[in-house]
Number of protein chains: 2
Amino acid sequence: METMKEQQTANDGLTTEEKILAAAGKVFTRKGMAGARMQDIANEAGINKALLHYYFRSKEKLFDAIFEKTFQQFVPLMHLEFDSTDDFRQMLRNMVRLYVMMVKKSPYLPSFLLNEMHQNPDKIQHLLLKMKVSEFPKRLQIRFSEAGITGDPRQLLLTLISGVIFPFAAKPLLMPLFFENNEKIFDRFITDRSVFLEDLMLRMLVNREDDDAKLDSDNSNFNTNAL
Amino acid sequence: METMKEQQTANDGLTTEEKILAAAGKVFTRKGMAGARMQDIANEAGINKALLHYYFRSKEKLFDAIFEKTFQQFVPLMHLEFDSTDDFRQMLRNMVRLYVMMVKKSPYLPSFLLNEMHQNPDKIQHLLLKMKVSEFPKRLQIRFSEAGITGDPRQLLLTLISGVIFPFAAKPLLMPLFFENNEKIFDRFITDRSVFLEDLMLRMLVNREDDDAKLDSDNSNFNTNAL
DNA sequence: AAATAGTTTAACCAAACGGTTAATAAGTGA
DNA sequence: TCACTTATTAACCGTTTGGTTAAACTATTT
């Protein structure tokens, strides 16, 4: 072995570089590029500030690494469902559940990306090219055609994503307004919303000429009784 | 008149304080509290940096003023429609159109609020109390009852708001992905989306037992042909 | 063990930042 | 015109911040 580059499990079973990335992820996603301090990250990682510059030359380089890593958590999620599930309706259900699960796990992620993409849109551009996201709309269109569905797939997709993400992104506002500052109530709402959105996605595809479409369950959240 | 506090139309027909607020609004909404520099704001307003501290003692005070002002643009918008329009369906249509118009006019606003509310949720709390937003959910529930509609009104409301806001909040990401970096295509999509969302709101209220509900037009964006 | 390469730290630095000060300019009332 | 308050500016100050440096520590190789 020539230089033995690999560093081994320092104390927590984590490389120093891994500790830095984990810490930077936390701090950056919470405070954003401008709000995060290198000292905060160093503290969070339990190391000296200079080490940050030793592993990643500058704050921007470190941020880029985090931004890219964070962004990459989204993309494969999208691609996946397109290929996996044959049944279009089931695919929509899965997507809703997948997104909910994901955002539940990292609730700071959406507003972080939503905010930082405005600061330097060029970075987004670069990332989109790096991964193969450009073919995304076409594949969506194909699934639509295969399922015999007309209309703009982008409308459905944006409704789906925004519907899942928004309650988390606006949580600090909604919490006292809609959920009595009670985390349990919020969680219950999210559970309900997952079902609601799944139902909504299917409902989008149903119109009057299509009443025999097999709606698996009857837990539709909205019923018109009068008017 | 004792002290003659009011300052008159300096040059642009704007008070210095107004110029500061306008400049601060621009800079803060684009770069956020942490990213904005007092010097930037001073430059944008075409004044000396010390003047900022003369009118608003600190950066935080200035930010609070902007944050509050920005936030206040949202709230009356919500309240309004609840009282104005009698017909529930028409109310939903109006809300969609109103939100689209508003976000079109100030496209940086959503991601600004979405981001800053995470930094200091206490400020949001304070603002919510200051205006009378707490009664908001109840009034929504009442409109639902009046219209004979069952289900959770929060689900509908969040779907509506997120559906309008998200395309703007995620614009830098969507622009190359869905809209070929073409502003015209984006605008057309938003126009379509307004119609789409109006339709979606109504569609939420329709189920199989209610086929005779008068759907005004047939421009439903989604039709199932097969499957 | 000596030499060498990789890792970590304390101390330091220059620039940027929010904020202050003291002086000047401009308007107001007598 | 004179006194007085308000508005505006240039220069300055202390702190924070991203980044550097040189030395120390650790491990690997010979």
Side-chain angles (χ1 to χ4, degrees), chain A residues 1-28 30-67 116 119-120 123, chain B residues 1-28 30-67 116 119-120 123:
Chain A
M1 252 167 269
E2 22 185 331
T3 39
M4 191 55 185
K5 186 70 193 289
E6 290 311 314
Q7 180 199 23
Q8 281 300 9
T9 76
N11 36 10
D12 313 354
L14 286 176
T15 310
T16 304
E17 187 171 341
E18 289 169 342
K19 280 197 287 183
I20 291 179
L21 283 172
K26 267 192 197 171
V27 178
F28 273 134
R30 273 169 183 67
K31 309 211 177 179
M33 162 67 162
R37 304 292 106 145
M38 292 298 266
Q39 189 61 60
D40 297 342
I41 299 173
N43 291 344
E44 179 75 37
I47 57 163
N48 188 284
K49 192 186 57 151
L51 254 191
L52 300 178
H53 291 93
Y54 179 74
Y55 281 91
F56 305 83
R57 292 225 300 265
S58 68
K59 185 186 181 183
E60 197 179 347
K61 290 263 173 57
L62 178 55
F63 176 79
D64 288 353
I66 295 297
F67 191 56
E116 295 298 334
Q119 305 309 321
N120 29 17
K123 252 166 208 158
Chain B
M1 251 165 270
E2 19 186 332
T3 39
M4 189 58 184
K5 189 68 192 291
E6 290 310 315
Q7 181 198 23
Q8 282 300 8
T9 75
N11 37 9
D12 314 355
L14 285 176
T15 309
T16 304
E17 187 171 341
E18 290 169 341
K19 280 197 287 185
I20 292 179
L21 283 172
K26 267 191 198 170
V27 178
F28 273 133
R30 273 167 182 70
K31 309 212 177 177
M33 163 66 162
R37 304 290 103 131
M38 291 298 265
Q39 190 61 60
D40 297 342
I41 298 174
N43 292 342
E44 178 74 36
I47 57 162
N48 188 283
K49 192 185 57 152
L51 254 190
L52 299 179
H53 292 92
Y54 179 72
Y55 281 90
F56 306 82
R57 292 226 298 266
S58 67
K59 185 186 182 184
E60 197 179 348
K61 290 264 174 56
L62 178 54
F63 176 80
D64 287 354
I66 295 298
F67 191 57
E116 295 299 333
Q119 304 309 322
N120 29 15
K123 252 166 209 160

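Naming convention: chains lettered A, B, ... in sequence-line order (proteins, then strands); numbering from 1 in each chain. If you're wondering where the values come from, they're calculated on a predicted model, not measured in any experiment.
- Following rounding to the nearest Å, B:Gln39 (CD) and C:dA15 (P) show an atom-to-atom distance of 17 Å.
- For the pair A:His53 NE2 and C:dC12 P, the computed distance is 18 Å after rounding to whole Å.
- By the 6.0 Å contact criterion, NZ on A:Lys123 is enclosed, its count of non-hydrogen atoms from other residues, nucleotides or ligands being greater than 12.
- OP1 or OP2 of D:dA7 has not a single side-chain nitrogen or oxygen of B:Thr16 nearer than 4.0 Å.
- A:Ala36 comes within 4.0 angstrom of the backbone, heavy atoms only, and of no base.
- Residue A:Lys31 comes nearest to B:Gln119 through the heavy atom pair CA-OE1, 4.0 Å, listed as atom of the first residue, atom of the second, then distance.
- At whole-Å resolution of the value, OH in B:Tyr55 and P in D:dT6 are 12 Å apart.
- Nearest heavy-atom pair, A:Asn120 versus A:Glu116, reported as atom, atom and distance to 0.1 Å: OD1-O, 3.2 Å.
- Between the CZ atom of A:Phe63 and the C1' atom of D:dG18 there is a distance of 16 Å, given to the nearest Å.
- Contact record, A:Lys19 with A:Leu14: CG-CB, 3.8 Å, taken as the closest heavy-atom pair.
- Counting non-hydrogen atoms of other residues, nucleotides and ligands closer than 6.0 Å to NZ of A:Lys59 gives a total above 12.
- Of the candidates C:dT8, C:dG18, D:dG18, the closest approach to any side-chain atom of A:Met38 belongs to D:dG18.
- As rounded to whole Å, 13 Å separates atom P of D:dG18 from atom CD of A:Glu60.
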Please enumerate all protein N or O atoms sitting under 3.5 Å from an N or O of nucleotides 9-12 of chain D, with distances to 0.1 Å.
| from | atom 1 | to | atom 2 | distance (Å) |
| --- | --- | --- | --- | --- |
| D:dT9 | OP2 | B:Asn48 | N | 3.0 |
| D:dA10 | OP2 | B:Asn48 | ND2 | 3.3 |
| D:dA10 | N7 | B:Asn48 | ND2 | 3.4 |

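- For the pair B:Phe56 CZ and C:dG19 P, the interatomic distance rounds to 13 Å; values are reported in whole Å.
- The two residues A:Lys61 and A:Arg57 have their closest heavy-atom pair at NZ-NH2, 3.7 Å.
- In this structure, the NZ atom of B:Lys59 is 12 Å from the C1' atom of C:dA16, given to the nearest Å.
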All N/O donor-acceptor pairs, side-chain side in residues 39-46 of chain A, below 3.5 Å, sequence neighbours left out:
| from | atom 1 | to | atom 2 | distance (Å) |
| --- | --- | --- | --- | --- |
| A:Gln39 | NE2 | A:Asn43 | OD1 | 3.1 |
| A:Asn43 | ND2 | A:Gln39 | O | 3.3 |
| A:Glu44 | OE2 | A:Lys26 | NZ | 3.3 |

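- As a whole-Å value, the separation of A:Ile20 CD1 from C:dT8 C1' is 11 Å.
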